[in-house]
Visitor: 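Quick one: structure below, then a few questions.
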Amino acid sequence: MKLWGAILIAAFLSSALIVVGAIVQRAPSGSSVEALAGPRKTLDPLFPAPPFAFTSQRGEQVTSEKLRGQPYVANFIFTTCRTVCPLLTSKLVQAQRALTGVEVRFVSFSVDPAHDTPEVLAAYAKQWAPDEARWLLLATTPTTLPALAAGFHVTAEKNTAPNAIDSVIHSAVFVLVDGEGQVRGVYDSDHREDFEALLRDTRTLTRSRAGEKVLAATGKSGDVLYHELSCVACHERPELAPPLRGLLGKTREMEASNLVTVDREYLRESIVAPDLKRVRGYPLKMPSYDGLIADEDLTVLVDWLAQRPLEAAAVADDATLETDPVCHMKVRTGATALHVDHAGHQVWFCSELCRDRFVKTPAAFDQ
Ligand code: HEC
């Protein structure tokens, strides 16, 4: 109780340098869920998931009872966290994409009841996976959160390490719960074998082979891929990740202190093997898209990135920059720029994709 109190206050006051949602290395530790992480030979039940009742981002009451009958993949996040959660969420969204057509739910429990209301969670969901109907983001309360965390054997700890930048790069787990409410697997989201085991085990539990086929090119344009693969959710927020504009030919400094000149090969490698060269100064890790993007799509995306100009647009004299409420990209205003009139003011968009998402559910983006 005391620990949770400290975490919640810390989470509320400062978004930086907090390790959230448990979980960290595979150090054996009696009652922690991370000791169970990793691929297993069998899918025997590990322990029962705790009972709960929380409000979802859609304003519905979701209980553990109501989730019976279908497996779910759970994780633990909070929306203002800048270090671990964007990586966790991007991996969850990658799992959603890889499990397209599989009858499984994805449940993200917020560990920041003070801030993460259902409305805030709705905006977060829209930013990461606007079209994902199987994703539930649940707003916990200060009184119910401790029992939930204890029931899943999840802990959250403030990082007090002196070399904080590196030590906040922790992994966090996904928990696979079956239709009877039994935990059947725990996976470190940052281990490739674990991620693959999660996909495999979910298919086994749901007896589904959907989405297993070899990756096919989507034929989508670079900017649509940039949105749909959630690149936008990190890279349009300079506090999280470097802006991907005007990069070709630029010299970048890496974590290993070496300098790299950006070419197409570097851009490609950044997407499918991001750990090989890490840009200096970002505590957040970039998720690998290896095996999750078809080669043709990767080429289209790399070409689009390579040609992306430094500025949002050559700003006309009378144009100002506004923020697209859906993807947070800076966009220029002006008579020919994409916009809609909403609640008495004009709202600006980078693309028809974002405009259509906004028009469908404007309330999700009003913040
Ligand atoms: C969870 C957040 C996140 C997501 C999602 C994400 N990235 Fe990144 N990306 C980062 C961070 C942080 C860095 C800098 C640290 C590093 O190099 O690992 C980075 C670095 C890069 C770089 C190197 C940039 C430079 O300045 O040298 C490229 C290129 C890149 N990402 C492309 C992409 C593309 C394309 C996508 C989508 C397919 C994507 N990223 C998705 C967080 C993210």
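We use all heavy atoms of the structure for the numbers below, so side chains are in, but hydrogens, waters and symmetry mates are not. Atoms within each ligand, like the ligands themselves, are counted from 1 in listed order. Keep in mind that this is a model prediction, so the values were computed, not measured.
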Visitor: For Ala241, take its heavy atoms, then give the atoms of ligand 1 lying under 4.0 Å from any of them.
Guide: 10 (C), 11 (C), 12 (C), 42 (C)
Visitor: Give the atoms of ligand 1, by number and element, whose distance to some non-hydrogen atom of Leu305 is under 4.0 Å.
Guide: 35 (C)
Visitor: I'd like to know if Asp131 and Arg357 make a salt bridge, using a cut-off of under 4.0 Å between side-chain N and carboxylate O.
Guide: yes
Visitor: Answer yes or no: is there a side-chain heavy-atom contact under 4.5 Å between Pro242 and Tyr282?
Guide: yes
Visitor: Return yes if a side-chain donor-acceptor contact under 3.5 Å exists between Ser288 and Asp290, otherwise no.
Guide: no
Visitor: Answer yes or no: does atom CD of Glu269 have more than 12 heavy-atom neighbours from other residues, nucleotides or ligands under 6.0 Å?
Guide: yes
Visitor: Please determine which of Trp135, Tyr124, Trp128 meets the side-chain hydrogen bond (donor to acceptor under 3.5 Å, both in side chains) test together with Thr89.
Guide: Tyr124
Visitor: Among all protein heavy atoms in this structure, tell me which lies nearest to atom 12 (C) of ligand 1, with the distance rounded to 0.1 Å.
Guide: Leu284 O, 3.2 Å
Visitor: Give yes or no for whether the N/O distance cutoff of 3.5 Å, strictly under, is met between Lys285 and ligand 1.
Guide: no
Visitor: With respect to atom 8 (Fe) of ligand 1, please indicate if His235 possesses an N, O or S atom at a distance under 2.8 Å.
Guide: yes
Visitor: Taking both backbone and side chain into account, is any N, O or S atom of Met286 nearer than 2.8 Å to atom 8 (Fe) of ligand 1?
Guide: yes
Visitor: Out of Cys85, Ser90, Ser270, Ser288, indicate the one that has the non-hydrogen atom closest to atom 22 (C) of ligand 1.
Guide: Ser270
Visitor: Hey, does the Lys NZ or Arg CZ of Lys91 hover above the aromatic six-ring of Phe195, less than 6.0 Å from the centre and inside 45° of the axis?
Guide: yes
Visitor: What is the nearest protein non-hydrogen atom to atom 36 (C) of ligand 1, stated with its residue, atom name and distance?
Guide: Cys231 SG, 2.8 Å
Visitor: Heavy atom under 4.0 Å from ligand 1: found in Leu225's side chain, backbone, both, or neither?
Guide: neither
